[in-house]
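Quick note on labels: first sequence line is chain A, next is B, and so on, each numbered from 1.
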Protein chains: 2
Amino acid sequence: MDPVLVERVRQAMADLGYRPNAVARNLRRSRTTLWAAIISDIGDPFYTAMVRGVEDAARPAGFSVVLCNTDDDEAKEGGYVDAALAEQMAGVIVAPAGPGAPHVRRLLDARVPVVVVDRQPPELRVDTVLVDNELGAQAATAHLIESGYARIACITGPATVSTATQRAAGYRAALQEHGRPVDDALIRHADFREESGYEAMRALLALAERPDAVFAAGNRLALGALRCLRDRGVPVPGEVGLAGFDDLPWAALIRPALTTVAQPTYELGRAAARLLAARIAEPARPPSTITLATHLEIRDSSVRFGRGVAG
Amino acid sequence: MDPVLVERVRQAMADLGYRPNAVARNLRRSRTTLWAAIISDIGDPFYTAMVRGVEDAARPAGFSVVLCNTDDDEAKEGGYVDAALAEQMAGVIVAPAGPGAPHVRRLLDARVPVVVVDRQPPELRVDTVLVDNELGAQAATAHLIESGYARIACITGPATVSTATQRAAGYRAALQEHGRPVDDALIRHADFREESGYEAMRALLALAERPDAVFAAGNRLALGALRCLRDRGVPVPGEVGLAGFDDLPWAALIRPALTTVAQPTYELGRAAARLLAARIAEPARPPSTITLATHLEIRDSSVRFGRGVAG
DNA sequence: TTGTAAGCGTTATCAC
DNA sequence: GTGATAACGCTTACAA
């Protein structure tokens with residue numbers, strides 16, 4: 001193409017203030033450049049980091065991301081899926097609210113490119129990005145065992161959520177691997193909120209044989225448990241050790257600094273975005289599942305003897 | 001309308017799987033239902049809470065929100081503004097990255113409904129939602145004075161950012177009001193990052209006459225300053241008192257619990273959304289500025305004598 | 001190479 | 001009321 005002509009056109013565009021209308025273009029081409037990220041809570045650092053990863057991978061590929069908070073409410077999720085369908089969105093990345101994932105199915109039926117993140121949807125042929133919840137939980141529990149704790153409890157999420165059951169499974173596996181008995185009285189299912197962590201910890205402390213360590217399968221659960229231990233004046237990690245799942249930006253700042261299973265949240269988002277871009281480019285490709293490894297971040301709350309970690 | 005006919009149509013829609021195409025509708029009506037929220041960092045709790053407020057007010061009004069992270073980079077901001085223009089977005093809520101706000105001007109010139117949040121754009125007739133930075137800073141500084149601290153320093157952001165200068169102004173005002181001298185050596189301009197807070201604190205501690213209290217005009221600045229004080233083994237609040245600006249969800253969990261000027265972030269977002277909806281409905285209405293009050297959250301880090309706050 | 005026309009799916013309008 | 005028709009602004013296919 002003639003570069004001087006190109007320049008003249010450019011100039012004319014600038015002079016006239018011409019802006020191509022993306023809406024008209026989208027209609028004509030019957031495709032758009034918008035993705036929906038349907039997650040439960042943007043206030044949760046886990047999801048903010050993930051969304052950051054999605055965004056950073058989406059932009060170079062020419063896509064923008066609309067954020068949708070469901071608060072784990074299936075009706076809200078349904079509303080956002082409706083919108084994604086109506087707006088002909090190019091793709092959807094979703095952490096399904098409920099166990100059945102009916103709305104994910106709807107998207108699939110409508111041939112909308114979808115990637116599921118964080119939670120394993122049962123029996124769905126769909127691209128998925130997960131972390132290895134079981135292995136992470138196992139590592140955290142094994143660490144508590146090796147730190148010298150004898151009676152280790154587990155506070156996890158609802159039995160209907162895959163992350164909760166997988167983390168509980170990892171906890172059991174670690175106990176068995178070390179030849180420790182699994183006592184069901186020490187396993188508490190709650191929802192993932194901080195208040196539930198507090199409540200579960202309270203119940204555990206009321207036990208005749210109280211635990212001397214807790215693996216909390218969520219960051220807010222761990223925070224709630226910690227607050228309960230503080231309120232009761234139980235020294236952590238001296239009398240009760242604590243490890244959580246899912247790191248917090250400020251986990252090192254609170255006292256005692258919190259041992260956690262850190263998830264590669266940013267990478268999770270990037271992987272999901274790459275998968276989505278690949279599916280859009282090639283709708284017929286077979287669905288794949290990517291599982292990312294976690295990393296145990298050992299801090300003060302789980303180390304009974306020896307010096308604390310500086311921070 | 002005939003309710004039985006309505007039902008038949010409904011049924012037909014369901015049978016055929018008909019979904020109205022929002023792209024075509026947008027083209028025909030030449031308006032859309034999408035807002036852009038252009039902010040600096042979704043990882044900052046300030047913005048996440050604000051965005052939550054925007055979203056909660058936008059949805060009932062029929063709008064969805066696209067999030068755009070600029071990382072305070074004007075070029076990125078420009079890119080997102082281009083996109084908002086091309087996609088014919090219904091409106092934009094923006095916390096301008098730089099001092100001149102050229103991209104806000106472009107939106108205004110293109111007659112796109114805009115609301116500016118958090119930062120005061122100079123000489124622009126535009127709807128704006130701010131917090132009272134000066135009064136908030138004044139309250140925090142006055143509190144330090146009244147807690148018995150004598151030499152109070154101030155670590156603030158770049159002189160080009162309105163929030164930084166207004167908070168510094170509030171700091172000065174409090175000193176003057178209490179008949180204290182203002183020593184320019186005790187006022188440090190930095191950027192708002194944690195590392196800068198650390199560095200500024202280090203410099204302040206190296207002074208011949210070191211301060212015995214610090215007002216840090218940003219949450220990450222406060223965190224950096226606190227980390228520096230810890231590293232040097234300076235007891236807080238015993239030897240140096242500390243107050244920050246902008247609360248953190250975990251400010252009460254760190255030790256010492258951090259005194260901060262809490263901003264009504266969620267309300268800020270709601271107010272911005274309401275303003276934007278009003279402007280869309282009535283493009284000719286005169287621009288207004290809403291200023292919201294802050295609230296001083298007194299915790300341990302600024303209380304020299306007396307008991308700490310439980311938490 | 002340059003130009004023309006059809007059509008994407010709605011909705012607003014106008015004639016019936 | 002009901003029904004046909006044009007237009008939103010772009011892309012692309014095809015004709016000249």
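Under a cut-off of 6.0 angstrom, the local environment of CD in B:E123 is sparse, with at most 12 non-hydrogen atoms contributed by other residues, nucleotides or ligands.
The residues B:R52 and A:D71 are annotated as salt-bridged, a charged nitrogen and a carboxylate oxygen being separated by less than 4.0 angstrom. Salt bridge annotation for B:D72-B:R193: absent, with no cationic side-chain nitrogen under 4.0 angstrom from a carboxylate oxygen.
With sequence neighbours excluded, the residues that form a side-chain contact (heavy atoms from CB on, under 4.5 Å) with B:T289 are B:T128, B:L130, B:T291. Every residue two or more places apart in sequence or in another chain was checked for a ring-ring contact (aromatic ring centres under 6.0 Å, His included) with B:Y266, and none qualifies.
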Task: Contact state string [nucleotides 3-11 of chain C, B base, S sugar-phosphate only, - no protein heavy atom under 4.0 Å] - done: ---BBBBBB

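Evaluation of the ring-ring contact (aromatic ring centres under 6.0 Å, His included) test over residues 41-73 of chain B, restricted to residues two or more places apart or in two chains, returns B:W35-B:F63.
End-to-end axis angle for the helix from C:dT1-D:dA16 to C:dC16-D:dG1, using five pairs per end and rounding to 10°, comes out at 50°.
Counting only heavy atoms from C-beta outward, the side chains of B:V104 and B:L124 approach each other to under 4.5 Å.
Partner of A:P113 under the side-chain contact (heavy atoms from CB on, under 4.5 Å) criterion, out of A:V92, A:L107, A:L276: A:L276 alone.
With no hydrogens or angles considered, a side-chain donor-acceptor pair links A:S196 and A:D191 at under 3.5 Å.
In terms of heavy atoms, B:T294 sits closest to B:P264 at CA-CD, 4.5 Å.
Nucleotides of DNA chain D lying under 4.0 Å from heavy atoms of chain B occupy a range whose first and last members, 5' to 3', are D:dA6 to D:dG9.
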